[in-house]
Amino acid sequence: MTYLPVTMVEPLLIKSGSHDDDEQLPLLGISLAGLRQFITQHEPQLMDGDRSCTSEEICNTAVKPLTAETECSYAQLMESRGDRVGAATVFVSHSWSYVFTEFAEVVLSLERTEEHPEDVFVWIDIFCMNQHKTVEHDLTWWATAFRGAVRGIGRVLIVMVPFHDPIPLTRIWRLLEIFSTTELGVTVRLQLSAKELVALTEELSGEDFNLDIDKWKVEADLECAEDLGPQEPNRVLEAVQLLGGSSTLNARMLAALRHLLAELGLQTLAALEGLEAKAATTKRSVSPLILNVAELLKTLGRLEEAEPLFHDALARARGTLGEGHQGTLAILYSLAELLQKLGKLGEAQVLLHSATVASRAQYGVWHPDTLSAFQTLADLLQVQGNLDQAQRLYATAMKGRRVQLGSTHVDTIRSINNLADVLKAQGEPGKAVRLYREALKWRRKELEDEDPETLSTLSGLAGALVAQGHLSEAWALYTEALEGRRSCLGVSHPDTLRTLNGVAGLVLAGGELKAAEPLFREVLEGRSAKLGMAHPETLSSMNNLASLLKAQGKCEEAEPLFRNTLEGRRAQLGDEHPVTLSSVNNLASLLLYQGKLDEAEPFFSEALEGRRAKLCDSHPDTLASCNNLAALLEAQGRLEEAEPLCREALKGRRAKLGNEHLSTIASISKLASLLRTTGRLEEAEPLFREALELRRAMLTDYDCSTVSSLNDLAALLQAQGDLDGAEQLFRRAIEVQR
């Protein structure tokens, strides 16, 4: 028999008093043959007229009378008669309101599914508990004894009847029983009767299959509580709450129910596999079953199992419905999403591209479905780092939705926000800010301030403002976004950590290195725990912490983080992805800082060449690589090679970012230093003065960058013989540092 895994959690224990060993739940089980023998021997008692008797009635009319004289359990009675019994191997959870014959049929299905059914001994409470003494024990004993028994037996069979409204989910004692079972981490199987299996298989094979398992809720009916005193139902509920609450149980039970459905679907597909060649009607009926099972497997995270089923379903849909049919496109999108989760981005891109072509041919460029296809493909291209292609598709989707749906439609606003995201990544913060503000204005008006989409726009706008150097406004937006996400999503949610990462970056940009470090570490710890060490966002946090440590001069601690980040990104994203190229550049910068010039050069060259090819010459990251390679060449004394790169970086940054951007000011200062080194003091002087004036305006005299500019200009004036001018600047630099 195949047992289904149940999500493991940290053990949650019910506190109880001490009990003697002989007070523990007996673990003697009955054989399957013994259960069948009981049914045969008591066949007349299984019916009450035309009505089948319940398990509770069988206990009262058969089990209790048989054991009344000895006052023992039925299993013990069998043992005393020499019948075959043994240590229980499967614990059976059921409801006493079940029809006994249907319940027994489910248990006896173990005869067909177990490899050695003769070695199976089932623990069923009406047979294995002394029915004459159960009332003598309180609930605390039951909870403790039950958990010990289940842990010792190790396997559980939960009888779920009827499937659409399982009785165990409405019985207070069954809830505690099931909850404890899943919490202990033992192997569990949900099982249906033969009649239920047939009905469910037919439903699962239907084209209109829409079994919304999520609507099921665990709701205990206190009036139906079995074998409990007047105060016990509330005590059971207290115990359930102590163990995590019914919402936790819901999540585990619904996952197990989905597993049951998926296994049933896979078994049905295997049975029908040989019949397809015999009848076209069979082939048509199999198609929805394939898709339904694929979707279930995908929901369960069993992606490798789902993928071939999706490919099969897509091929069938293309053959019967056509490439541009909405049903075909729906399967295609679902398969593309699955491929992305599997990391098969190239395959997903091919599928999504075919979807845009088919939708465009079927409906036209400006049809809402075609615009959605553009949007979906753009999302993937952005993940792949193909920013230019993503930007064009986002722009087309936004334009079409403005015309078709209006500028304030929710889908239009989403396109506006997505286009802003990619523009920010392309180094166009000014254009991004305008779009973010438009989206934020609408979302504040139409949605709550703490709505996830509003908070997403807040965070995106803050990041774009940081890129522009508008740190004060960015701080206010990041603070609002962080508070909202912590309140709505929790401190460990990926979106909350994403915003906290932005706050940490902003603190770092403000020169507060010591204050930024615990923030970066919190993000890294949260992401590694939530997403895993190989996840792109975890690697991003690793990179950010390494950058901070480098800025603090902790190079030995930073280097392994930079190298691990680069290795992870090469494996996850490829050598040419913009994020990978950033890691190449960052490692090179550290090596330069450490004086390892020869080791740094190939990394700087790789970053520059890759960014020119992937991002274009005028992208801010490309310009940063120009500046960085120039710094290396200058340190190596290769000044003639460094100068054109310095000039390219400065020219590009003036055009792209403006004169008042901090990166532009850094390029001004870098070119001035190079000119001074080559003895061209007259050319260097106006650049040093410009850098100083801009830094005073942007950062004040007390910032370390401004102090550096004061010293640079003072040294230049001293070299020119202007000693009075130099002295004045040197004194000012000393004064502001006191």
Student: Indicate yes or no: at least one non-hydrogen side-chain atom of N543 is less than 4.5 angstrom from one of L561.
Tutor: no
Student: With a 4.5 Å heavy-atom cut-off, do R611 and S582 have their side chains touching?
Tutor: yes
Student: Is there a donor-acceptor pair closer than 3.5 Å between any side-chain N or O of T622 and the backbone N or O of S618?
Tutor: no
Student: Between R485 and E450, is the closest basic N to carboxylate O distance under 4.0 Å?
Tutor: no
Student: Residues two or more places apart in sequence or in another chain: which of them pass side chain to side chain donor-acceptor pair (under 3.5 Å) with E525?
Tutor: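 For E525 there are no side chain to side chain donor-acceptor pair (under 3.5 Å) partners, ignoring immediate neighbours.
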Student: Do other residues, nucleotides or ligands put more than 12 heavy atoms under 6.0 Å from E660 CD?
Tutor: no
Student: Test your reading of the model: is there a side-chain donor-acceptor pair from T580 to the backbone of D575, 3.5 Å cut-off?
Tutor: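 Answer holds: no.
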Student: Between the main-chain N or O of A666 and the side-chain N or O of S669, is there a donor-acceptor pair closer than 3.5 Å?
Tutor: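 Here the side-chain-to-backbone pair does not exist.
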Student: May I ask you to check whether K614 and N386 show a side-chain donor-acceptor distance below 3.5 Å?
Tutor: yes
Student: For residues S541 and R521, is any side-chain donor paired with an opposing acceptor at under 3.5 Å?
Tutor: no
Student: Only pairs at least two apart or in different chains count here, so list each salt bridge (Lys or Arg N to Asp or Glu O under 4.0 Å) that has a residue in residues 615-628.
Tutor: R612-D617
Student: Would you say the side-chain atoms of T376 pair up with the backbone N or O of S372, donor to acceptor, closer than 3.5 Å?
Tutor: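 Here the side-chain-to-backbone pair exists.
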Student: Name all pairs fulfilling the salt bridge (Lys or Arg N to Asp or Glu O under 4.0 Å) condition that reach into residues 408-418, sequence neighbours left out, sorted by first residue then second.
Tutor: D411-R414, R414-E453
Student: Taking atom types as modelled, find out whether Y394 and D379 have a side-chain donor-acceptor pair closer than 3.5 angstrom.
Tutor: yes
Student: Is T356 reaching over with its side chain to a backbone N or O of F374, donor-acceptor style, under 3.5 angstrom?
Tutor: no
Student: Check whether any side-chain heavy atom of N417 sits under 4.5 Å from a side-chain heavy atom of D421, and report yes or no.
Tutor: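 Yes, at least one pair of side-chain atoms sits under 4.5 Å.
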Student: Tell me every residue that passes side-chain contact (heavy atoms from CB on, under 4.5 Å) with T664, counting only those two or more places apart in sequence or in another chain.
Tutor: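 In terms of side-chain contact (heavy atoms from CB on, under 4.5 Å), with neighbours along the sequence ignored, T664 is linked to L650, R653, R654, L657, N659, H661, I668.
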Student: Give a yes-or-no answer on whether the side chains of T457 and R443 include a donor-acceptor pair shorter than 3.5 Å.
Tutor: yes
Student: Considering non-hydrogen atoms only, spot the tightest contact between R402 and S407 and give its length.
Tutor: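 Distance-wise, the nearest heavy atoms are NH1-OG, 3.2 Å.
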Student: Once you round to the nearest 0.5 Å, how far does CG of L687 lie from OG of S667?
Tutor: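 It comes to 11.0 Å.
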Student: Would you mind reporting whether W442 and L447 have side-chain heavy atoms less than 4.5 Å apart?
Tutor: yes
Student: Kindly give the heavy-atom pair with the smallest separation between L497 and G526, and that separation in Å.
Tutor: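 Closest approach of L497 to G526: CD1-C, 3.6 Å.
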Student: With no hydrogens and no angle check, is any side-chain donor or acceptor of S487 less than 3.5 Å from a backbone partner on E483?
Tutor: no
Student: Under the salt bridge (Lys or Arg N to Asp or Glu O under 4.0 Å) rule, collect the residues that match up with R527, sequence neighbours excluded.
Tutor: E537
Student: How would you list, by chain and number, every residue that makes a side chain to side chain donor-acceptor pair (under 3.5 Å) with D388, sequence neighbours excluded?
Tutor: Q426
Student: Quick check: do S415 and Q375 have side-chain heavy atoms less than 4.5 Å from each other?
Tutor: yes
Student: Taking salt bridge (Lys or Arg N to Asp or Glu O under 4.0 Å) as the test, write out the residues that go with K554, two or more places apart.
Tutor: E517
Student: Do you see a donor-acceptor pair shorter than 3.5 Å between the side chains of T370 and R360?
Tutor: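 No.
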Student: If every non-hydrogen atom of A516 is compared with every non-hydrogen atom of A504, which pair is closest and at what distance?
Tutor: CB-O, 3.8 Å
Student: Mind checking what makes side chain to side chain donor-acceptor pair (under 3.5 Å) contact with N418, not counting sequence neighbours?
Tutor: none
Student: So which heavy atom on F730 is nearest to which on N711, and how close?
Tutor: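 Shortest heavy-atom contact: CD2-OD1, 3.6 Å.
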Student: Once side chain to side chain donor-acceptor pair (under 3.5 Å) is applied, do any residues pair with R434, and if so which ones, sequence neighbours excluded?
Tutor: none
Student: Just checking, is any N or O donor in the side chain of R570 or T565 under 3.5 Å from an acceptor N or O on the other one?
Tutor: no
Student: Are there over 12 heavy-atom neighbours, none belonging to H353, within less than 6.0 Å of that residue's NE2?
Tutor: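 Not buried by this count: 12 neighbours or fewer within 6.0 Å.
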Student: Check R695 against S709 and note the closest heavy-atom contact, atom names and distance.
Tutor: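 Taking R695 first and S709 second, the nearest heavy atoms are NH1-OG, 2.8 Å.
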Student: Testing the 3.5 Å rule here: is there a donor-acceptor pair between the side chains of S583 and R569?
Tutor: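 Checked: S583/R569 side chains pair up, N/O donor to acceptor below 3.5 Å.
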Student: Taking side-chain contact (heavy atoms from CB on, under 4.5 Å) as the definition, give me every residue that meets it alongside S708, ordered by chain and number, with sequence neighbours left out.
Tutor: D712
Student: Identify, with sequence neighbours excluded, every residue that meets side-chain contact (heavy atoms from CB on, under 4.5 Å) alongside R680.
Tutor: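 Checked R680 against side-chain contact (heavy atoms from CB on, under 4.5 Å); matches are E643, R647, L675, T678, E683.
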Student: Would you say the side-chain atoms of S456 pair up with the backbone N or O of P452, donor to acceptor, closer than 3.5 Å?
Tutor: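 Between the backbone of P452 and the side chain of S456 there is no qualifying donor-acceptor contact (under 3.5 Å).
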Student: For V523 and N501, work out which heavy atoms get closest and say how close.
Tutor: CG2-N, 3.7 Å
Student: Could you tell me if the side chain of S354 sits less than 4.5 Å from the side chain of L332, heavy atoms only?
Tutor: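 Yes - at least one pair of side-chain heavy atoms lies under 4.5 Å apart.
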Student: If you look only at distance, which donor and acceptor atoms sit under 3.5 Å apart when one is on a side chain in residues 591-598 and the other is two or more places apart or in another chain?
Tutor:
residue	atom	partner	partner atom	Å
Q594	NE2	E559	OE1	3.3

Student: So with a 6.0 Å cut-off around CZ of R732, is the heavy-atom count from everything else above 12?
Tutor: yes
Student: Can you tell if the side chain of T499 reaches within under 4.5 Å of the side chain of L455, non-hydrogen atoms only?
Tutor: no
Student: State plainly whether the residues K344 and E304 are in salt-bridge range, i.e. N to O under 4.0 Å.
Tutor: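 So K344 does not pair with E304 through a salt bridge.
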Student: Counting only heavy atoms not in R731 (residues, nucleotides, ligands), do more than 12 fall under 6.0 Å from its CZ?
Tutor: no
